[in-house]
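Indexing begins at 1, ligand by ligand and atom by atom, following the structure's order. In this chain, numbering begins with 1 at the start of the sequence shown. Computed over heavy atoms, backbone and side chain alike; hydrogens, waters and symmetry mates excluded.
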Amino acid sequence: MKTLVASVLACASLLTFNHQAAAAPIEIKFSHVVAENTPKGQMALKFKELAEQRLPGKVEVKVYPNSQLFTDSTVLQAMQLGDVEMAAPSLSKFQKYTKQLQLFDLPFLFKDIEAVDRFQQGPHGQKLLKSMESKLLVGLGYLHNGMKQLTANAPIKTPADIAGKKYRIMTSDVLQAQFEAVQAIPLKKPFSEVFTLLQTKAIDGQENTWSNIYSKKFFEVQKYATESNHGLLDYMVVTSAEFWHGLPDDIRGELKKALDEAIAHGNAIALEKSKSDREKILTSGKTELVEISDAERAQWVAAMKPVWKMFEDEVGKDLIDAALKSNQ
Ligand code: LMR
C-alpha cells in the first residue's frame, strides 16, 4: 500500500512538474539598434509592458537596444533561424528580402509623414507587410521615425556643396544611387559605427532623423545640419512566420493588440521628438541649422529624382503612383 501511495504521489508531482514546464512563459527577444530614448526604443519598451500586463506569466519580452544582440545586417537571418523573435529594422534594410520596400527610400517621394501614414495604412502599404512571406518573415506593422536631414562639417545648401563628400548610408542601393546622383561618395556602414566614423573623420557626413542625430550624439561631431527632409526613415516591425503562426490564437491576438498600441505610442513620440530633439540639437550650440530656399530645394529634387526611374521596375510603378497619390 505504502509503495502504491508513494508511486501515486511521485506521478502527481511529475505531472505538476510537467505542467509547470509546459506553462513556462513564451520568450520574445526584441532586438534593435537605436537608443532607448527614441521612437523605436520607447515602442519596444511599451510593447513589453503591455504584452506582459495582458498575458501575465504567459509571455516574457526581452528588449535588446543599441545593437546589443544583433545589427540590422544580421538580425533578419537570425530571425529566420529562430534566434530572435522580433525586430524593427528601418525600411531601407530589407532589400535582400524584397525589392518593393525600396519604394520608401526614393528621395522626395512623400511630402510629409502624414502622407507616409496614409500610404502605409492604405491597401498598398498593408499588402507590403506580406511582401516577405516567401522568406518566412511577417510584417506586423509600420512605425514612424521621421524625415531625414543631412549633417556635415560644412554647410550643405546645394548639390554642388556635397559633391566629393563621403556619406554614410544604410545598406540600400537606392540610397547609394541617391548620393551618387549628387556626386557624393556613399558608404554602406552599420548604424553602430556611425559616431566613430564621424568622430575620426573617416566620413564627412551622414543622413538621419533628428532623434537619431540627437540620441547617438552625431550632433556633437558635426557642425551643420541641413534641414532637407529629402527622404524617409520609418520601420517595419517583423517576426518570423514560424514563430508567429506557431503561437496559440489567443496569445497571438493579444500580442498584436499590444503591438498596435505600442506602435501608436511610438508614433506619438516620433512626432514629438522630431521637434524636441531638433530643438535640443540647435540649442546645444554644437550644430548650426542650415535652411534651404525653395530654389535650392528644387536643385536637390532635380538632381535626385532620376533615381525613381532607375528603380521603377524593381519597385513597381503602381506602388510609386500610389505613394504619390497619398501626397494629395
Ligand atoms: C540607421 O541605420 O541609420 C537607422 O536605420 C537606425 C534606426 O534603426 O533608426
Side-chain angles (χ1 to χ4, degrees), residues 30-45 47 63-76 78-79 84 86-97 101-105 107 113 116 139-152 166-176 178-179 186-199 202-219 221-222 225 228-238 262-263 266-267 269-274 277-278 281:
F30 193 137
S31 168
H32 69 80
V33 300
V34 289
E36 287 192 324
N37 60 338
T38 56
K40 184 160 57 183
Q42 291 296 304
M43 180 279 282
L45 290 174
F47 172 66
V63 181
Y64 297 89
N66 294 312
S67 314
Q68 271 167 22
L69 196 58
F70 294 106
T71 65
D72 280 335
S73 60
T74 53
V75 73
L76 295 174
M79 189 171 278
V84 60
M86 286 175 80
S90 91
L91 293 165
S92 316
K93 294 180 178 163
F94 289 97
Q95 70 176 30
K96 257 169 59 190
Y97 299 85
L101 292 179
Q102 295 183 118
L103 171 84
F104 292 101
D105 275 346
I113 214 78
V116 174
L140 296 175
Y142 294 98
L143 172 73
H144 297 314
N145 186 324
M147 305 307 278
K148 288 179 291 186
Q149 321 301 340
L150 295 165
T151 69
K166 289 194 203 111
Y167 264 72
R168 176 269 173 172
I169 56 163
M170 297 182 268
T171 42
S172 155
D173 292 348
V174 178
L175 298 181
Q176 181 175 343
Q178 168 196 281
F179 277 99
L187 298 164
K188 291 176 181 165
K189 295 285 178 189
F191 187 58
S192 53
E193 289 178 22
V194 181
F195 179 85
T196 309
L197 291 167
L198 291 171
Q199 192 183 37
I203 53 174
D204 298 301
Q206 60 87 47
E207 52 162 17
N208 231 306
T209 59
W210 291 116
S211 69
N212 280 346
I213 296 168
Y214 179 70
S215 58
K216 286 293 176 190
K217 302 191 181 353
F218 300 160
F219 72 102
V221 286
Q222 294 274 268
S228 52
N229 291 315
H230 61 282
L232 172 74
L233 199 165
D234 261 18
Y235 307 108
M236 189 184 283
V237 184
V238 282
I263 286 178
N267 283 344
I269 289 177
L271 198 66
E272 191 269 314
K273 283 196 167 294
S274 65
D277 284 352
R278 175 185 181 279
I281 291 168

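Within 4.0 Å of ligand 1, the residues that place a heavy atom are Val33, Val34, Lys40, Ser90, Lys93, Arg168, Met170, Phe191, Asn208, Asn212, Leu233, Tyr235, listed by chain and number.
Side chain to side chain, Asp105 and Ser172 meet the donor-acceptor criterion of an N or O pair below 3.5 Å.
In this structure Tyr142 satisfies the ring pair (Phe, Tyr, Trp, His ring centres under 6.0 Å) test together with Phe104, sequence neighbours excluded. The side chain to side chain donor-acceptor pair (under 3.5 Å) check on His144 picks up Asp117, Asp234, with sequence neighbours excluded. Residues satisfying the ring pair (Phe, Tyr, Trp, His ring centres under 6.0 Å) criterion with Phe179, sequence neighbours excluded, are Tyr167.
A donor-acceptor pair under 3.5 Å is formed between the side chain of Gln149 and the backbone N or O of Asn229. A side-chain donor-acceptor contact under 3.5 Å links Gln95 to the backbone of Asp173.
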